[in-house]
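Here's the structure, in C-alpha cells; my notes come after.
A, B, ... follow the sequence lines: proteins, then strands. Residue 1 opens every chain. Atom set for the values below is all heavy atoms of this structure, side chains included, hydrogens, waters and symmetry mates excluded.
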Protein chains: 2
Amino acid sequence: MSLDLSVDRSSPVPLYFQLAQQLEAAIEHGSLTPGSLLGNEIELAARLGLSRPTVRQAIQSLVDKGLLVRRRGVGTQVVHSQVKRPLELSSLYDDLESAGQRPATKVLANTVVPASAEVAAALGLAEGTEVHRIERLRLAHGEPMAYLTNYLPPGLLDLDTVQLEATGLYRLMRAAGITLHSARQSIGARGATAAEAERLAEPEGAPLLTMQRTTYDDTGRAVEFGDHIYRPTRYSFEFQLLVRS
Amino acid sequence: MSLDLSVDRSSPVPLYFQLAQQLEAAIEHGSLTPGSLLGNEIELAARLGLSRPTVRQAIQSLVDKGLLVRRRGVGTQVVHSQVKRPLELSSLYDDLESAGQRPATKVLANTVVPASAEVAAALGLAEGTEVHRIERLRLAHGEPMAYLTNYLPPGLLDLDTVQLEATGLYRLMRAAGITLHSARQSIGARGATAAEAERLAEPEGAPLLTMQRTTYDDTGRAVEFGDHIYRPTRYSFEFQLLVRS
DNA sequence: GTAGTTCGATTGTCCGGACATACGGATTGA
DNA sequence: TCAATCCGTATGTCCGGACAATCGAACTAC
C-alpha cells in the first residue's frame, strides 16, 4: 500500500521538488486517497534517505497548493480533492487552449497613441506619453468571444501583428524576458454599446462581462493595462481560491 | 538608515513571524523603500541573533505575499508596492465593511428545502436531501446591491435570522468552528429576470453580475453553495493576484 | 458514568553548518 | 572596442539535531 517513492540524487532537480512532484502525482493518480494520512515526517524522511527539513519543504509546497492539510499531533492528510486550478495570472489565450478550444485572434489595431488619463494612471506614466495600443478580437469555434484592448508602455516589447495572431500577449511578454509578478483586476458588467454590439455579434444593450487589468513585473513596473469585454453567453471567469491562513 | 529590528525571545510568537511582521510594517510605513535591497541573510541573521533558516522563513513568507522578490546572486528587494489585497476568500459583508460602507442585510427566506439537482451536485449530496436555503438582500447606503441565495448542508450550522442580519455568513461559519479551506467560483453576467429586476430595483433585462461559489472546509467537504447576483452599477469584483512561480 | 489527567504521537520552531548555483561586475583577451 | 572569462556575493538546497506545542486517545479518579 505504501507508495514507492524515491529520489534521484544525481538529478539537478531539487530533492524536495522531486518528492513534491511524486506526492502530487500520487494524489492525482489516486494512490493517495483523500483523507488518508501521509505518515509522519520523520519516518518518511528515513525511508527516503532524506532529512526532515527536506521532506517538510516538499510537504509545505503541497500545503500551499491546497492539496494537503497538516494537523499538529495528528498528521498530514490529503484534502478531499476538488482542488484544480488555484487561479493563476493566465491569459485568455492559455485558458482557451487548455480547455481544448483552439482560439483564434484577429488583430484589429496595433498602433502607437498618446495615453489617455485613464491609461496613463494605470501604467504610471504621464498623460500623453506614447503607448502601444492593440485591439484584438478573440474567437473560439469561429464565434467572437471577447474584444480585448491593451496598452503597453513604450520600448518594452516589439508588438508583431503576426505573432499576436498566433499566440497570447502574455506569452510574448514572457518570451521577451519580462517576469510577470502581479496584477490588479476588476470584473464587472454593463450593457453593450452599439459599436461593441456589432463587434461581438450581440444586440445593442446586451449584457457584457467586463474586465480591466493592470499587470506588474517583479520590479513593480506596470507592463500592461487591458480593458476587455466578454460575451457572457460564451465565457465566464472560473477559478478556485484558497484561504490563506 | 538600517531598520531597528529586534525580536523578543520570551514571546510565544514565533521568531520568524515577529521578523516578518516588522519587515512588513517597515515596508508599509515606508522605512523600506521599494526597490531597496534588504541586506544579505547571513548578516541580517547575525545582527538579530537568529539563525539563517529563521530569517529565511520570515523573508519567504513575505515573498509569498508578493512584498519581496529574491534574486540569486543579487539579494532580496522590496517590490514597488502596488500590492494590497491578494484575493482572499472573503464574504461580501467583509468586503463592504472594510470599504467603510456599513452593509445592511435583509433576510428574505430562511427555510429547509429538498436539494435540487444543481444544489445537490454542488454540495455533493443526494438529490432531494434536505438543505438550508437562505435568501438575503444586501444593501449599502439604503440601496440594494446584491441578492444572495445560499444553500448549506444539514446539521452544519444553526442559521439564526437575527444573526444573519447582523453579520456575514462566513463569520457565522467560522464562529461555529468550520475552517474554510477553498472555494470554486464562477463569475458571469446576464440580463435580469422580471423578479430579479424588481428585487434589485433595476429594469427588466438590465445587465447583472452573477457569481456562483461552492466553499469547502479543510476535509474537502462542501459546506456552502451560493448563487448570487449583483448590480454592476453598485458593485464589481476587485482583486489582486500573484504569479505563482 | 463522567470528567479530568496523563501520555504518546506528530507537527511547529529553531539552530549552525556545508556546499551548490546563479547573477553581475571586473578583468582579461582578441 | 567588444566579447569571453573569472570571481565575489547572495540566495538555493540540504543536513542532523533539539526542544516546544498541540491533538487525540487511553487512563484514572470521583
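Looking only at atom types and distance, the side chain of B/S116 has no donor-acceptor partner in the side chain of B/Y151 under 3.5 Å away.
Side-chain contact check for B/R56 versus B/R70: some heavy-atom pair is nearer than 4.5 Å. For the pair A/L172/A/T167, a side-chain contact is recorded, criterion being any heavy-atom separation below 4.5 Å from C-beta on.
Every residue was checked against the salt bridge (Lys or Arg N to Asp or Glu O under 4.0 Å) condition with B/R72, not counting sequence neighbours, and none meets it.
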> Reading nucleotides 6-14 of chain D from the 5' end, what letters show protein touch, with B for base, S for backbone sugar-phosphate only, - for no heavy atom under 4.0 Å?
Replying inline: ---BBBBBS
Side chains of residues 15-24 of chain B: which donor-acceptor pairs under 3.5 Å do they make with residues two or more places apart or in other chains?
residue : atom : partner : partner atom : Å
B/Q18   : OE1  : B/D8    : N            : 2.8
B/Q18   : NE2  : B/D8    : O            : 3.0
B/Q18   : NE2  : B/V13   : O            : 2.9
B/Q22   : OE1  : B/S6    : N            : 3.1
B/Q22   : NE2  : B/S6    : O            : 2.4
B/E24   : OE1  : B/K65   : NZ           : 2.9
B/E24   : OE2  : B/K65   : NZ           : 3.4

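Whole-Å rounding puts the A/L44 CG to C/dT11 C1' distance at 13 Å. One interatomic measurement links the two molecules: CG of A/L19 to P of D/dC15, which rounds to 11 Å at whole-angstrom precision.
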